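Heads up: the structure comes next, in structure tokens.
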Amino acid sequence: MDFRIGTGYDVHRLTEGRRLILGGVDIPHSKGLLGHSDADVLIHAVMDAMLGAACLGDIGKHFPDTDPAYKGISSVLLLEKVTALLEKEGWQVGNVDATILAQKPKLAPYIEEMRANMAKAIRIDPSRVSVKATTEEGLGFTGKEEGIAVQAVCLLKNRREQNADF
């Protein structure tokens, strides 16, 4: 059987005057993430993990920040596009696991909605999407509330093989 594992990492600076969107959820906070799209750092890391597992490059290759078509775009829509690309190439997402590194705000109340949004876009059951959040105890740029980082991993399976369902 052909399985692939990919990792993704992304970071965005926190700034005033922007909405904070993580996993497609608009989270009340005094600052938001800076970026060309909606700057959803969680979904960006997940997309990079998915694309990396399939050896299809990264989100910068597919959705360059120099392209005005992606200015302010919802990262959930981009995740749907990545999912369609993987499916066209014969891949099925088995699971996704992501860790958000943020000092504030507390994210626990929003985790289930993040999981549901990403699962819907990836076309898998929410039980196959894990999202966790942690602080860095005041250390580094995330601890000083200068930015938010995300690490993600994804397992893919070749759908063209027999018994390809996870």
Side-chain angles (χ1 to χ4, degrees), residues 4-89 91 93 96-107 109-124 129-136 140-154 156:
R4 303 266 182 94
I5 296 172
T7 63
Y9 176 81
D10 198 22
V11 61
H12 284 270
R13 177 181 303 277
L14 282 163
T15 187
E16 298 199 12
R18 294 269 306 191
R19 294 168 39 215
L20 177 59
I21 300 171
L22 294 170
V25 179
D26 200 333
I27 299 169
H29 192 53
S30 61
K31 295 181 179 179
L33 294 169
L34 184 62
H36 185 68
S37 66
D38 64 4
D40 189 328
V41 67
L42 171 57
I43 290 181
H44 293 183
V46 167
M47 288 189 295
D48 270 346
M50 292 166 62
L51 289 166
C55 297
L56 294 173
D58 62 17
I59 61 174
K61 173 183 175 181
H62 295 276
F63 313 111
D65 63 7
T66 55
D67 189 334
Y70 304 117
K71 177 116 177 102
I73 194 167
S74 165
S75 294
V76 172
L77 294 176
L78 299 180
L79 183 57
E80 290 171 355
K81 291 176 183 281
V82 167
T83 300
L85 175 62
L86 291 179
E87 289 173 348
K88 180 181 171 192
E89 295 292 323
W91 297 104
V93 174
V96 169
D97 183 23
T99 303
I100 305 167
L101 302 143
Q103 193 65 34
K104 289 183 183 175
K106 295 296 181 191
L107 298 173
Y110 309 101
I111 298 285
E112 292 309 311
E113 188 177 356
M114 292 177 199
R115 293 177 61 216
N117 289 345
M118 291 192 299
K120 182 177 179 186
I122 300 170
R123 294 192 272 280
I124 60 175
V129 177
S130 173
V131 176
K132 304 169 303 292
T134 189
T135 69
E136 289 192 293
F141 71 90
T142 62
K144 294 175 185 166
E145 299 178 50
E146 296 172 354
I148 295 177
V150 175
Q151 298 174 344
V153 64
C154 171
L156 298 182

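This one's a predicted model, so the numbers in the text were calculated from it and none came from an experiment.
Under the 4.5 Å side-chain criterion, counting only non-hydrogen atoms from C-beta, His62 is in contact with Leu56. The shortest side-chain heavy-atom distance between Val25 and Met114 falls under the 4.5 Å cut-off. Leu20 places a side-chain heavy atom less than 4.5 Å from the side chain of Pro105. Between Val153 and Ile5 there is a side-chain heavy-atom pair separated by less than 4.5 Å. When side chains are defined from C-beta on, Val11 does not count as touching Thr142, because their heavy atoms never get closer than 4.5 Å. Residues Leu156 and Leu86 are in side-chain contact: their nearest non-hydrogen atoms beyond the backbone lie under 4.5 Å apart.
Residue Arg123 qualifies as enclosed at atom CZ: its count of foreign heavy atoms under 6.0 Å is above 12. More than 12 heavy atoms of other shown residues, nucleotides or ligands fall within 6.0 angstrom of atom CZ in Arg4.
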Only distances under 3.5 Å count here; give the side-chain donor-acceptor pairs of residues 39-46 to other protein atoms, sequence neighbours excluded, each with its distance to 0.1 Å.
| from | atom 1 | to | atom 2 | distance (Å) |
| --- | --- | --- | --- | --- |
| Asp40 | OD1 | Gly23 | N | 3.0 |
| Asp40 | OD1 | Leu42 | N | 3.3 |
| Asp40 | OD1 | Ile43 | N | 3.1 |
| Asp40 | OD2 | Gly23 | N | 2.9 |
| Asp40 | OD2 | Gly24 | N | 2.8 |
| His44 | ND1 | Asp10 | OD2 | 3.2 |
| His44 | ND1 | His12 | NE2 | 3.2 |
| His44 | NE2 | Ser37 | OG | 3.3 |
| His44 | NE2 | Ser75 | OG | 2.9 |

Pairs under 3.5 angstrom only: tabulate donor-acceptor contacts from the side chains of residues 63-73 to other protein residues two or more places apart or in another chain.
| from | atom 1 | to | atom 2 | distance (Å) |
| --- | --- | --- | --- | --- |
| Asp67 | OD1 | Ala69 | N | 2.8 |

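Evaluation of the ring pair (Phe, Tyr, Trp, His ring centres under 6.0 Å) test over residues 19-40, restricted to residues two or more places apart or in two chains, returns none.
Between the side chains of Gln151 and Thr99, not a single donor N or O lies within less than 3.5 Å of an accepting N or O.
Minimum heavy-atom separation, Lys31 to Glu145: NZ-O, 4.1 Å. Counting all heavy atoms, side chain and backbone alike, Leu33 lies closest to Arg18 at O-NE, 2.9 Å.
Distance CD1/Ile59 to CG/Leu51: 8.0 Å, rounded to 0.5 Å. The CE atom of Met118 lies 14.5 Å from the NZ atom of Lys120; values are rounded to the nearest 0.5 Å. From Met47, atom CE reaches atom OG1 of Thr83 across 9.5 Å, with rounding to the nearest 0.5 Å. Between Ile148 atom CD1 and Leu22 atom CG the span is 5.0 Å, to the nearest 0.5 Å. Once rounded to the nearest 0.5 Å, the distance linking CD1 of Ile27 with CZ of Arg19 reads 11.0 Å. Atom CG of Asp58 and atom CE of Met50 lie 14.0 Å apart (nearest 0.5 Å).
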Applying side-chain contact (heavy atoms from CB on, under 4.5 Å) to Val131 and Ile100, what does each step give before you reach the verdict?
CA-CA 7 Å; Val131 176; Ile100 305 167; 3.8 Å; yes
Under the criterion side-chain contact (heavy atoms from CB on, under 4.5 Å), I'd like the reasoning laid out for Val93 against Cys154: C-alpha separation, chi angles, the key distance, then a yes or no.
CA-CA 7 Å; Val93 174; Cys154 171; 4.0 Å; yes
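A salt bridge links Asp97 with Lys132: the distance from a Lys NZ or Arg NE/NH1/NH2 to an Asp or Glu carboxylate oxygen falls below 4.0 Å.
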